[in-house]
Amino acid sequence: LILSPLLGIGNSMIEEVTALLLSIVTQRALVIDLFDRSVGQGEPWFAPHDVYARPIAMDKEGLRHFVTDGARLITLPENRTLLYAQFNPLLGCSSWEVALQDPLIASKGRFLGYLPAYFNKAHGAWVRRTFGPYLFSLASNFLHKPAKAVSAKVKKLHRKFVEPYNCSVGIHIRWGSPEDPFHYVDHLDPARSLERFMSCARARCPLAGGTSWVLATDSLWVRSEVRRSLPEGVSLHHMKYKVRPDNGEHARALGEIQLLGKCDHLVTTRLSTFSFAIHARSLQVPWVVSK
């Protein structure tokens, strides 16, 4: 099973865990195209995508190294109009062995079926009995062990912005834009949407006891508004850059996932795979804010 994940780090993690699960069940070797990321000990977790050549081209020429003489290669179709639902029918089917009966399967993106796979009627009981509720945390932390530089930065930020406080809240606000196929928030009433996140965060910790909020967001407006209306007694930390779901930000994004997962409480965004990765890797139960 050969997988070429999507660009966003949350999407990529879910795809890779799903592929690993299917590979285990159907007894296949798994090859993952890690895009422009490197995962060596002491190495940067990513390489700039403008200078790094993709290790696997998802075409017949690029995949020929994996095809033995006479072997049949099946490339799963990519239909971006279906987005996250594209491979849910595959992962919800009654027999993965029949659906994936060809010896070599290649998938270019949109392999986002972790939850349907985990609760598949035919295979789900075995999966849950074998892995319990911890498959995503174990598999994702195995596939995405942070490089030393990322771990060192997270440790430094944790010591400064989390440890000194009696209570901490990790907040991920996926704002998106009105043009997004998924509306994470109500863009017609942004102030009300933001207040839902802030009220949820305020309820998690006693404000008078020394509270820290660690914020990750893709919106500069959200960042400035949270700082402007920060409750008294709350300290705010946010990264100095705008989070974008692309490879050039993967190292920083992984640092955010690790840091927010170390907070006492998590406030996350519905439908966001980045939010899912935060709480699933850290085995925390989040407070999910809907629009």
Side-chain touch [X]/[Y], heavy atoms, less than 4.5 angstrom:
| X | Y | result |
| --- | --- | --- |
| Trp287 | Val289 | no |
| Met13 | Ile257 | yes |
| Phe197 | Val185 | yes |
| His265 | Cys205 | yes |
| Cys263 | Val162 | yes |

Is it true that a side-chain atom of [X] and a backbone atom of [Y] form a donor plus acceptor pair closer than 3.5 Å?
| X | Y | result |
| --- | --- | --- |
| Glu256 | His172 | no |
| Arg196 | Arg192 | no |
| Thr211 | Val234 | no |
| Glu16 | Ser140 | no |
| Asp264 | Ser168 | yes |

Rounded to the nearest 0.5 Å, how far does [atom2] of [Y] lie from [atom1] of [X]?
| X | Y | atom1 | atom2 | value |
| --- | --- | --- | --- | --- |
| Phe161 | His238 | CZ | NE2 | 9.5 Å |
| Leu259 | His158 | CG | NE2 | 7.0 Å |
| Thr217 | Glu225 | OG1 | CD | 11.5 Å |
| Ile278 | Thr273 | CD1 | OG1 | 10.0 Å |
| Arg227 | Arg223 | CZ | CZ | 9.0 Å |
| Leu260 | His237 | CG | NE2 | 9.0 Å |

What are the two closest heavy atoms between [X] and [Y], and how far apart are they?
| X | Y | result |
| --- | --- | --- |
| Pro286 | Thr268 | CB-OG1, 3.7 Å |
| Thr269 | Ile173 | OG1-CA, 3.4 Å |
| Trp175 | Ser219 | CB-CB, 3.7 Å |
| Arg281 | Ser137 | O-OG, 3.0 Å |
| Leu266 | Ser282 | CD1-OG, 4.1 Å |
| Gly10 | Ala277 | CA-CB, 4.4 Å |

Quick one: do Trp213 and Arg204 satisfy side chain to side chain contact (heavy atoms under 4.5 Å, CB included)? Show the steps, please.
CA-CA 10 Å; Trp213 286 3; Arg204 306 283 68 82; over 6 Å; no

Look at the side-chain heavy atoms of Ile, Leu, Val, Met, Phe, Trp and Tyr, link any pair under 4.5 Å apart, and say whether Val288 and Met198 land in one connected group.
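The answer is no; the residues belong to distinct hydrophobic clusters.
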
Hydrophobic clustering (ILVMFWY, side-chain heavy atoms < 4.5 Å, transitive) - are Tyr165 and Leu230 grouped together?
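The answer is no; the residues belong to distinct hydrophobic clusters.
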
Answer yes when Arg202 and Glu195 have at least one side-chain N-carboxylate O distance shorter than 4.0 Å, and no when they do not.
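Glu195 and Arg202: salt-bridged.
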
Would Leu21 and Phe131 count as a side chain to side chain contact (heavy atoms under 4.5 Å, CB included) if you check the C-alpha gap in whole Å, the side-chain angles of each, and the deciding distance to 0.1 Å?
CA-CA 10 Å; Leu21 172 61; Phe131 298 103; 4.1 Å; yes

Using the benzene-type ring in the case of Trp, are the ring centres of His279 and Phe276 under 6.0 Å apart?
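That pair passes the under 6.0 Å test.
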
